[in-house]
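Note: hydrogens, waters and symmetry copies are ignored here, and every other heavy atom, side chains too, is used. Counting starts at 1 for both ligands and their atoms, in listed order.
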Amino acid sequence: MKYSIRMRAAQGGPHENGGHHISGAERILAKDELASAAGELLLRALHHSKGEADFIRLTVDAISPENIHYMPCLAIDSTYHTTPEETQESAIRLLSAHGISEKAVRTALHTLLSRNTTMRGAMIIDCETGERLDTLEDRGIRVSHLGFANPLEASLQLAAAGFTGDHIKEALVLASKVLAAPGVVGELCISDDPDYVTGYVSYGTTYHRLAPIKELGNPFGGRLFFVKPNTDLFALRHYLEEQTILVKSPTIIPTNETAKEASQSPTNITHATLQHELQQELADLKTRAVHRSLTTYTPINGARAQANVRTYLMMTTNNYLGLAQSAALREAAAKAIKIYGTGSGGSRLLSGSFPLFQQLEENLAQLKNTEAALVFNTGYMTNVGVISALVHAGDHIISDELNHASIIDGCRLSRANIHVYQHNDITSLIKVMAALPPTGRRLIITDGVFSMDGDIAPLPALLDIAHQYQAWLAVDDAHATGVIGDGRGTAHHFGISNDPALIQIGTLSKAIGSEGGFVCASRLVIDYLINKARSFIFSTALSPADIGAALAAVQSLLTAKAPVKRLQQAIQTMTTALAEAGILVPGKTEAITPQSHLVTAASPVVGNATEPPQVVKKAQNFTPTPIFPIIVGSAERALAVANAMKEQGIILSAVRPPTVPQGESRLRLTVTADHSEADIRYVAQTLKTVLTQQL
Ligand SMILES: *Cc1c(COP(=O)(O)O)cnc(C)c1O
């Protein structure tokens with residue numbers, strides 16, 4: 001004997017009394033499967049994304065075997081698209097290739113999509129005209145008395161093919177029953193679950209999954225049953241609502257992608273050749289001195305770190321103010337953990353937006369003098385999310401050639417047209433702007449302080465051009481916040497006030513001493529990003545410790561000037577010390593009597609035995625940033641110098657291609673507010689000695 005177990009759940013009382021529908025489901029099961037199914041259905045009703053049910057009806061009816069019909073399951077196929085529009089077009093194509101007129105599908109789909117209420121049942125549609133035939137208004141025709149003949153086996157088969165969850169099981173059974181109904185030639189279904197964007201069409205013997213058939217978050221859906229003209233509607237309704245149908249276990253058709261992989265991989269790339277390929281590529285990186293590996297350091301403060309019981313001077317950190325190890329930030333992080341715990345538990349839009357976020361965003365907006373701010377999980381994710389939200393295919397990004405990799409990735413993801421202008425070159429930028437076509441949004445984007453060279457973007461001129469050509473200007477202040485403009489960044493450094501065309505991006509992980517990224521802009525742009533930036537929407541929010549620490553740091557930037565002053569002092573001291581050591585650093589030092597054959601960026605000769613020693617002074621175009629690019633030429637020389645410095649107890653990084661162009665490998669030396677004058681003098685003197693030895 002089989003039993004039908006059905007659940008209907010509503011909020012605000014029973015459906016009959018106007019209660020709001022939450023969920024409904026039916027299973028046909030053997031006796032000993034009933035108890036666990038009842039529990040599962042109750043849980044579903046009580047924890048539904050549409051709300052908690054306060055009315056639940058569970059019914060169980062025995063069905064005598066002779067009243068049960070068995071039928072085969074439809075075969076599953078899947079196609080994935082990028083937008084709901086593409087998916088809907090694909091649904092129309094599939095159905096109109098299988099006995100339903102294209103006009104009928106378009107008309108009926110339009111009828112369905114233009115409703116802004118959800119129907120519990122389906123509309124019956126004439127497959128030639130697209131006209132709705134049933135008179136059931138908002139109720140529609142419901143399908144019940146159905147299930148898998150062997151639910152456990154069906155679940156296992158579906159799971160083995162990668163299909164889990166109740167949606168597909170129930171939909172597959174329903175579609176199989178519907179397509180066997182007298183007169184039915186096809187079905188189209190869009191779920192009313194706001195989180196479930198996979199729809200399907202069924203025809204012939206196929207259940208064809210299509211995603212995304214609607215926008216995520218859209219709570220509307222419905223079903224269309226296409227029938228031949230002159231179908232007996234009374235018989236159809238009786239079959240769908242009353243006839244018990246059990247469906248045999250499913251068969252799976254591989255999707256377009258899996259089919260492709262399966263047909264290719266065994267022939268040309270085996271696991272063995274793949275392993276060989278990876279080893280070859282890594283070996284090749286080593287021979288070119290551009291192989292990278294990880295070294296573990298234990299930070300002490302902004303100036304020192306430990307490794308293997310030795311203490312090193314750390315000259316390559318972005319922790320410019322030493323805040324990451326400060327007592328104040330440690331305390332703020334600990335306090336946030338005490339109050340809110342260790343994890344945020346969800347994306348900001350779901351449950352992750354605990355109160356510290358609002359405070360932090362208000363303080364960031366104040367720091368950058370904008371209407372609003374939004375925190376992301378990293379600076380990388382900020383660039384990727386902001387750029388791909390603001391511009392799309394057909395729009396234009398105008399990007400400095402030396403922009404950070406995260407900007408480049410954001411540009412690629414947006415699919416906008418990318419135009420690169422020469423580094424900090426206004427003439428080059430104007431040339432690009434003047435040649436842009438008249439259509440599409442425009443976004444000019446630049447690092448504020450460039451991460452490898454430490455030079456500063458000419459923001460006032462860029463902003464003038466942005467206004468003249470109706471473009472946004474985004475500035476990435478990753479190395480500017482906490483550093484220049486009293487710690488407020490590039491705009492403040494140049495005295496630029498709040499400007500609706502200006503978008504200021506930054507990170508909480510460098511001078512701020514925590515983890516995360518942010519964007520400051522007009523309220524309008526921030527609201528838009530909350531709704532459109534995918535790296536913001538689809539990632540779990542930062543943890544309380546990160547936000548607590550960042551908040552303390554930003555508040556201290558707003559009130560205390562001392563840390564930024566100490567950093568600026570360290571930058572001046574390092575510049576003087578390097579000048580005294582005769583070391584050329586673009587943007588920091590220059591030769592007093594320019595000897596052009598010596599002063600090329602690629603060969604800053606220091607104490608070269610064959611050349612007279614140079615007399616070096618602070619540069620006229622001096623930039624007050626903590627990044628000192630010491631260009632040494634080849635990747636091999638950069639590595640040799642970095643290794644020799646490490647032997648002397650100093651850590652700095654050898655920056656090599658592809659991070660910088662070929663032949664411009666360099667030591668990237670940074671100073672922080674925690675470096676003493678003695679530290680700095682020791683580094684400059686040691687560097688002079690090592691550069692002389694490693695020619
Ligand atoms: C470091 C950096 C980023 C990335 O920030 P994270 O918070 O480390 O992800 C973005 N842009 C620039 C210019 C950077 O230097």
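- Using a 4.0 Å cut-off to heavy atoms of G516, the atoms of ligand 1 that qualify are 7 (O).
- Residues I505 and F518 form no side-chain contact, since every pair of their non-hydrogen atoms from C-beta on lies 4.5 Å or further apart.
- Remark: ligand 1 atoms within the under-4.0 Å shell around heavy atoms of H479 are 14 (C), 15 (O).
- A 6.0 Å sphere centred on NZ of K561 holds more than 12 heavy atoms belonging to other residues, nucleotides or ligands.
- Counting only distance, with no hydrogens or angles, the side chain of E401 and the backbone of H423 share a donor-acceptor pair below 3.5 Å.
- We find the OG1-CD1 distance between T370 and I526 to be 7.0 Å, quoted to the nearest 0.5 Å.
- Among protein heavy atoms, the minimum distance from atom 11 (N) of ligand 1 is reached at D476 OD2, 2.5 Å.
- Contact atoms of ligand 1 toward S406: 10 (C), 11 (N) (distance under 4.0 Å to a heavy atom of the residue).
- Near K510, with a cut-off below 4.0 Å to any heavy atom, the atoms of ligand 1 are 1 (C), 2 (C), 3 (C), 14 (C), 15 (O).
- A salt bridge does not link D674 with R304: none of the charged nitrogens is closer than 4.0 Å to a carboxylate oxygen.
- Between R681 and E677, at least one side-chain N (NZ, or NE/NH1/NH2) sits under 4.0 Å from a carboxylate O, which counts as a salt bridge.
- Interface of N383 with ligand 1, defined as ligand atoms under 4.0 Å from a residue heavy atom, comprises 10 (C), 11 (N).
- Comparing E515, M381, H404 by heavy-atom distance to atom 3 (C) of ligand 1, the nearest is H404.
- By heavy-atom distance, the residue among S509, G379, G410 lying nearest atom 8 (O) of ligand 1 is S509.
- For ligand 1 and Y380, the ligand atoms under 4.0 Å from any heavy atom of the residue are 4 (C), 5 (O), 6 (P), 9 (O).
- Figure legend: R348 and F536 shown without cation-pi pairing, the cationic atom not lying both under 6.0 angstrom from the six-membered ring centre and within 45 degrees of its axis.
- Within ligand 1, counting atoms from 1 as listed, the ones closer than 4.0 Å to a heavy atom of S451 are 15 (O).
- The residues R666 and D453 are annotated as salt-bridged, a charged nitrogen and a carboxylate oxygen being separated by less than 4.0 angstrom.
- Of all atoms in ligand 1, listed by their number and element, those nearer than 4.0 Å to a heavy atom of A478 are 2 (C), 11 (N), 12 (C), 13 (C), 14 (C), 15 (O).
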